[in-house]
> 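Sharing a structure, written as structure tokens. Questions coming.
These values consider heavy atoms only, across backbone and side chains, with no hydrogens, waters or symmetry-generated copies. Below, read A as the first sequence line, B as the second, and so on, with proteins coming before strands; counting in each chain starts at 1.
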Number of protein chains: 2
Amino acid sequence: MTAEALKKLKTAESEKISHIDYFNIAISVDCVIFGFEKKELRVLLIKSDLEEFADKWSLLGDLVKIDEDLDSAPYRVLRQRTGLEDVFLQQVGSFGAINRHPSGRVITTAYYSLINIRNHKLKITDNEVHWHSLKNLKDLAFDHKQIIEVCLQRLRIQIMDEPVIFNLLPEKFSLRELQDLYQAILGIKLDRRNFRKKIALKKWLDELDEMEDDVPHRPGKLYKVKTGLKKNALVEIAGKTK
Amino acid sequence: MTAEALKKLKTAESEKISHIDYFNIAISVDCVIFGFEKKELRVLLIKSDLEEFADKWSLLGDLVKIDEDLDSAPYRVLRQRTGLEDVFLQQVGSFGAINRHPSGRVITTAYYSLINIRNHKLKITDNEVHWHSLKNLKDLAFDHKQIIEVCLQRLRIQIMDEPVIFNLLPEKFSLRELQDLYQAILGIKLDRRNFRKKIALKKWLDELDEMEDDVPHRPGKLYKVKTGLKKNALVEIAGKTK
DNA sequence: TAGGAATTGTGTACAAATTACACGACTGCG
DNA sequence: CGCAGTCGTGTAATTTGTACACAATTCCTA
């Protein structure tokens, strides 16, 4: 940043006036929370209560507080709005088109989160919060559809090399469930034998001595993530491994 | 964003008071400008003229203006500070630790840029601006060292699949130059025969009927990027292909 | 002008990963 | 008891990755 810009910044701070020139851009975070249910990838949305977006759905977000790190804000949002703690979160990008927000200039930083819908029953049962299938998404508020799209792209890339996908599954799962999940995320069908071979190659999983017991067909073996394997990405965008 | 937060936002806007609660986070952009010279990857830095960082180097950056898109700001910064136009720029991530800026709360969005040092002679010869080798980088202002590190990681991934690397080279170049550049970015040596095979496979280049004429050894063939091939990444982080 | 230094241009053998593809066995259910 | 749905498994063909060597060209210098 230039010295000139900084001087103005300091002046504005010390005099507590004229903030309009340098502080009238608000910054928010928005969370793209993915879940997996009934063989579909879903995203958690909230009914927008903003007039301009009456009846449209939007991401969970909030303004960043003056005394919190940017990367901490989405954790707070998730905790406050859904009761979710200890979730996988990763910064994806920032969106700041001039007119993206009807009420003023707001730049938002988007994060994506992966949670297991069954484990993390929403504790704060705000009945305006719902899981939506990624198909047929429409009428989203702001630029939230675009944000979801970018997060989905990131997710698709990340599941190929890093064991983040297991954040979407229960502790024990079958290879079929895992394959269904990959297929839902990638939007393509995978060959079953090749898929199993590839997963075996990655050495992420331990085979259990248990079988599925809730399926209307021959049950498959259950697996769990290897003890000690972090289900987070190895490198966070901000360089900080949680 | 919640309705509650938005109401506060609107109140703050209409009354033009109390901005301190919602608008006292400033937002900036910082550019990590990579160049290639003498077989080394370099980054363009400016002497920080901020007291707290006397004699330290920093990235080129500026506060985002109220009437410019976030993604437009780094183009402006480059134009104003170096005279560079029409360069490759890509958003990498946002950095917002509470205390990252000594003068106040500033969240910054980092972009990386690839330019050809020779073609783009810095038009604004601000003698505080210099190219630095990526080795021996130290004493950078703010969190700029970390930002550069994250941008470098992004660059390393991106050059494997997308033809962005050619932004760093002149129009005509030899395969040796290209290999030297890959090696400088990746920090490893590559096998020459395998490298050439791999590049050929990508079909990014056209072979010219010209040879190098400025080397103290047997000259190699010159190549150029295939006509029509965009040297940008296929997908920008914000989903917008420039 | 001959020899040395540096680099060009080229191919093959082996290992590893990717893809396409089929069948018998098991379980629940009607 | 038979059908529907899924499990568990292997091989052959192809593509990709890796390791590795030698003769030819050009410049430079002694």
> With hydrogens left out and only the distance checked, is there a donor-acceptor pair under 3.5 Å joining A:Arg218's side chain and the base of C:dA25?
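For A:Arg218, whose side chain was compared with the base of C:dA25, there is a donor-acceptor pair (under 3.5 Å).
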
> Look at the side chain of B:Lys197 and the base of C:dT12, then say whether one donor and one acceptor between them are separated by less than 3.5 Å.
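Indeed, a donor on one side and an acceptor on the other fall under 3.5 Å apart.
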
> Taking the six-membered ring for Trp, are B:Phe195 and B:Tyr182 parallel (under 30°), tilted (30 to 60°) or perpendicular (over 60°)?
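The rings of B:Phe195 and B:Tyr182 stand perpendicular, inter-plane angle above 60°.
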
> Mind calculating the distance between CZ (B:Arg176) and P (C:dG9) to the nearest angstrom?
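Taking atom P of C:dG9 as the reference, CZ of B:Arg176 is at 10 Å.
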
> Which whole-number value in Å describes the distance from B:Gln179 CD to C:dA6 P?
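For the pair B:Gln179 CD and C:dA6 P, the rounded distance is 17 Å.
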
> Which residue, B:Arg192, B:Lys39, B:Lys189, forms the salt bridge (charged side-chain N to carboxylate O under 4.0 Å, His left out) with B:Asp180?
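It is B:Lys39; the other options fail the test.
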
> Without decimals, in angstroms, what is the distance between B:Leu178 CG and C:dT8 P?
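Answer to the nearest Å: 12 Å.
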
> Is a donor-acceptor contact shorter than 3.5 angstrom present between the side chain of A:Lys198 and the base of C:dT19?
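Side chain to base: no pair present.
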
> Does A:Arg192 or B:Arg192 map to a spot on DNA chain D nearer the 5' end, using the closest nucleotide for each?
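Per heavy-atom nearest nucleotide, the more 5' residue is A:Arg192.
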
> Are A:Tyr111 and A:Tyr75 close enough that their ring centres sit under 6.0 Å apart?
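Distance test on ring centres: not under 6.0 Å, no.
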
> Given the structure, check if the side chain of B:Arg193 and the base of D:dC20 hold any donor-acceptor pair shorter than 3.5 Å.
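Checked by distance alone, the answer is yes.
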
> If you compare all heavy atoms of A:Lys135 against all heavy atoms of A:Glu40, which two are closest, and at what distance to 0.1 Å?
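What the structure gives for the nearest pair is NZ-OE2, 3.5 Å.
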
> Pick the closest DNA chain C nucleotide for B:Lys221 and for B:Pro216 by heavy atoms, then say which residue is nearer the 5' end.
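Counting from the 5' end, the first nearest nucleotide belongs to B:Pro216.
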
> Here's a test of your reading of the structure: between A:Tyr223 and B:Asn194, which maps to the more 5' nucleotide of DNA chain D?
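Between the two, 5'-proximity favours A:Tyr223.
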
> Starting at CG of B:Asp213 and ending at P of D:dT25, how long is that distance when rounded to a whole Å?
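About 19 Å, once rounded to whole Å.
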
> Rounded to whole Å, please give me the gap between CG in A:Asp161 and C1' in C:dA17.
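For the pair A:Asp161 CG and C:dA17 C1', the rounded distance is 14 Å.
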
> Rounded to the Å, how far apart are A:Ile199 CD1 and D:dT9 P?
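The answer, rounded to whole Å, is 16 Å.
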
> Roughly how many Å is it from CG in A:Asp191 to C1' in D:dG10, rounded to a whole number?
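Going from CG in A:Asp191 over to C1' in D:dG10 covers 12 Å.
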
> When you measure from the side chain of A:Thr108 to the backbone of A:Ser28, do you find a donor-acceptor pair of N or O atoms at a distance under 3.5 Å?
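The answer is yes, because a donor-acceptor pair under 3.5 Å joins these two groups.
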
> Expressed as a whole number of angstroms, how long is the span from B:Met160:CE to D:dG17:C1'?
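Distance check: B:Met160 CE to D:dG17 C1' gives 12 Å.
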
